[in-house]
Q: 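The structure that follows is given in the form of structure tokens.
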Amino acid sequence: MYFVHETCTLYGCQVAGERLSKATVAETALRLGDEQGLEAVTIRRLAQELGVTPMALYWHFKNKDELFLGVVDHALADVRADRDTGDPWPKQLKAMVESLVGAMRRHPILPDLLHQSDKARATSFTRATEDALTLLTGAGFTPQQAYWVGTYLLHGVIGLVHGQLETPPPNDKWEVNEWRRQRRIEFECLPADQFPMTVRFGATYAEEPDPEGYYAFGIELLMTAVESMAARTGASS
């Protein structure tokens, strides 16, 4: 049984004296999912986290599918182009990619949410798609090609975040420095005559990891591919 103080009115739900908004629910769902995985994000579990009855959440989301859509919509709210600045299309598109990377770094659950929800029904996703199509068709791509490029960038960002710099397993009791030392030894103990470059790579574990450099490099790699193809169409940035 839930013991809560809540009132639902025509204008929304009040929880402990404060309005229970869609944004509050979405933020809680993202936190719960990031910490415990997508399977933990249920109406009942969210109600427990927020200290309300499930009925209070059904006021905003009729079912789990609508909940996931609402969370996606909230998480992608800042992923859009600002065409009022007069910046060239590569700069605006890169800003969108950077925003998407940032959202996925903050919320590791987001790729799974995008996969399991009908994301095209999320307003922020559709708006970002429209912005990307506008920029890319302006760069010389056909609408279909522009959609392909946008899809490639989305999956490229997912791969970039999923393939982020190697870190110790979550339950590993070793200190990070000791883990890095062990990884370096593993590589450097390989036969140098057979795997010279792999052995050489192993030495990089002696250096401090550079996650910001990793993401900047990955974004630049994605954008270089898009700009190179745009240049082949004869488009000017």
Q: So, taking the atom named CG in Leu50 and the one named CD in Gln48, what distance separates them when rounded to the nearest 0.5 Å?
A: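 Going from the CG atom of Leu50 to the CD atom of Gln48 covers 10.5 Å.
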Q: Would you say that Leu67 contacts Val25 through its side chain, given a criterion of any heavy-atom pair below 4.5 Å between the two side chains?
A: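 Touching, per the 4.5 Å side-chain cut-off.
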Q: Heavy atoms, side chains only, cut-off 4.5 Å: are Phe68 and Leu114 in contact?
A: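 No, side chains not in contact.
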Q: Tell me whether Leu76 is reachable from Leu69 by hopping between hydrophobic residues (I, L, V, M, F, W, Y) whose side-chain heavy atoms are closer than 4.5 Å.
A: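 Different clusters: Leu69 never reaches Leu76 through Ile, Leu, Val, Met, Phe, Trp or Tyr contacts under 4.5 Å.
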Q: Do you know the tightest heavy-atom contact between Leu136 and Gly150?
A: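 Shortest heavy-atom separation between Leu136 and Gly150 comes out as CD1-N, 4.1 Å.
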Q: Please report the shortest heavy-atom distance between Met104 and Pro111, naming the atom on each side.
A: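 Met104 and Pro111 have their closest heavy atoms at SD-CG, 3.9 Å.
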Q: Heavy atoms only: give me the nearest Phe141-Ala230 pair and the separation to one decimal.
A: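 The pair with the smallest heavy-atom distance is CZ-N, 3.6 Å.
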Q: Can you hop from Ile158 to Val161 via hydrophobic side chains spaced under 4.5 Å?
A: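 Yes, Ile158 connects to Val161 through the hydrophobic network.
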Q: Are Glu188 and Arg183 within salt-bridge range, i.e. N to O under 4.0 Å?
A: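 Here Glu188 does not pair with Arg183 in a salt bridge, since their nearest N and O are not under 4.0 Å apart.
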Q: Could you check whether atom CZ of Arg200 has more than 12 heavy atoms from other residues, nucleotides or ligands sitting under 6.0 Å from it?
A: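 No, CZ of Arg200 has 12 or fewer neighbouring heavy atoms, counting only those of other groups under 6.0 Å.
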Q: Does Trp89 reach the side chain of Val226, with side-chain heavy atoms less than 4.5 Å apart?
A: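 Yes. Closest side-chain heavy atoms under 4.5 Å.
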Q: Does the side chain of Phe217 reach to within under 4.5 Å of the side chain of Glu220, using non-hydrogen atoms?
A: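 They are not in contact (no side-chain heavy atoms under 4.5 Å apart), so the answer is no.
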Q: Do you know which two heavy atoms are closest between Gly70 and Phe61, and how far apart they sit?
A: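 So the minimum-distance heavy-atom pair works out to CA-CE2, 3.8 Å.
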Q: Under a 4.0 Å threshold between the charged nitrogen and the carboxylate oxygen, would Arg127 count as salt-bridged to Glu130?
A: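 The answer is no: the pair does not qualify as a salt bridge.
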Q: Within the 3.5 Å criterion, strictly below it, is a donor on Glu186 or Gln182 matched to an acceptor on the partner's side chain?
A: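 Glu186 vs Gln182: no donor-acceptor pair found between side chains.
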Q: For Ser21 and Thr24, run side-chain hydrogen bond (donor to acceptor under 3.5 Å, both in side chains): C-alpha distance rounded to whole Å, both residues' side-chain angles, the deciding distance at 0.1 Å, then the answer.
A: CA-CA 5 Å; Ser21 66; Thr24 299; 2.9 Å; yes
Q: Show the numbers, then the answer: is there a side-chain contact (heavy atoms from CB on, under 4.5 Å) between Asp34 and Leu110?
A: CA-CA 8 Å; Asp34 290 338; Leu110 187 50; over 6 Å; no
Q: Quick check on side-chain contact (heavy atoms from CB on, under 4.5 Å): which of Val101, Leu100, Val97 does Leu160 satisfy it with?
A: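 The side-chain contact (heavy atoms from CB on, under 4.5 Å) with Leu160 is passed solely by Val101 among Val101, Leu100, Val97.
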Q: State whether the number of non-hydrogen atoms from other residues, nucleotides or ligands found under 6.0 Å of Lys64 atom NZ is greater than 12.
A: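 More than 12 within 6.0 Å, yes.
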Q: Which value, rounded to the nearest 0.5 Å, describes the distance between Tyr215 atom OH and Asp210 atom CG?
A: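 Those atoms lie 11.5 Å apart.
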Q: Would you mind reporting whether Val157 and His155 have side-chain heavy atoms less than 4.5 Å apart?
A: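 His155 does not reach Val157 side chain to side chain.
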Q: Treating Arg180 as the side-chain partner and Glu175 as the backbone partner, does any N or O pair qualify as donor plus acceptor under 3.5 Å?
A: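 Pair absent, no side-chain N/O of Arg180 close to backbone of Glu175.
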Q: Roughly how far, to the nearest 0.5 Å, is OG1 of Thr28 from CG of Leu46?
A: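 Rounded to the nearest 0.5 Å, the CG-OG1 separation comes out at 6.5 Å.
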Q: Can you measure from CE (Met223) to OG (Ser228) and round to the nearest 0.5 angstrom?
A: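 The CE atom of Met223 sits 11.5 Å away from the OG atom of Ser228.
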Q: Side chains of Gln194 and Leu190: closer than 4.5 Å at any heavy-atom pair?
A: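 No. Closest side-chain heavy atoms not under 4.5 Å.
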Q: Is a side-chain N or O of Gln92 found less than 3.5 angstrom from the main chain of Asp87, in a donor-acceptor match?
A: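 It does hold such a pair.
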Q: If hydrophobic clusters are built from ILVMFWY residues whose side chains come within less than 4.5 Å, do Met229 and Leu133 share one?
A: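 No.
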Q: Cluster question for you: counting only ILVMFWY and a side-chain heavy-atom cut-off of under 4.5 Å, with indirect links fine, are Ile43 and Leu38 together?
A: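 Yes, one cluster joins them.
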Q: State whether a side-chain donor-acceptor pair under 3.5 Å links Ser99 with Asp78.
A: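 Side chains of Ser99 and Asp78: no pair found under 3.5 Å.
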Q: Mind listing the closest non-hydrogen atom pair of Arg105 and Pro211 along with its distance?
A: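 Heavy atoms only, the tightest pair is NH2-CB, 4.3 Å.
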Q: Under a 4.0 Å threshold between the charged nitrogen and the carboxylate oxygen, would Glu49 count as salt-bridged to Arg45?
A: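 Looking at Arg45 and Glu49, the cut-off is met.
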Q: Calculate, to the nearest 0.5 Å, the distance between atoms CD and CD1 belonging to Gln116 and Ile109 respectively.
A: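 Here the interatomic distance stands at 9.0 Å.
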Q: Are Leu153 and Met96 close enough, and set up right, to give a side-chain contact (heavy atoms from CB on, under 4.5 Å), and what steps lead you there?
A: CA-CA 10 Å; Leu153 288 174; Met96 291 186 67; over 6 Å; no
Q: How close do Pro54 and Ala47 get, counting heavy atoms only, and between which atoms?
A: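 Looks like N-CB, 3.7 Å.
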Q: Is Lys119 close to Leu154 at the side-chain level, that is, under 4.5 Å between some pair of heavy atoms?
A: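 Contact flag for Leu154/Lys119 side chains = yes.
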Q: Check the hydrophobic clustering (I, L, V, M, F, W, Y; side-chain heavy atoms under 4.5 Å; chains of links allowed) and say if Leu57 and Met55 are grouped together.
A: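 Yes; Met55 is reachable from Leu57 via cluster members.
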Q: Any chance NE2 of His115 has more than 12 other-residue heavy atoms, nucleotides or ligands included, within less than 6.0 Å?
A: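 Atom NE2 in His115 is not packed in, count stays at 12 or less.
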Q: Report yes or no: does Asp73 contribute a side-chain atom to a donor-acceptor pair with the main-chain N or O of Ser124 at less than 3.5 Å?
A: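 Between the backbone of Ser124 and the side chain of Asp73 there is a qualifying donor-acceptor contact (under 3.5 Å).
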Q: Output the distance between atom OH (Tyr205) and atom CH2 (Trp179), rounded to the nearest 0.5 Å.
A: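 Reported to 0.5 Å precision, the distance equals 5.0 Å.
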Q: Evaluate the side-chain proximity of Glu27 to His74: yes if any heavy-atom separation is below 4.5 Å, no if none is.
A: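 His74 reaches Glu27 side chain to side chain.
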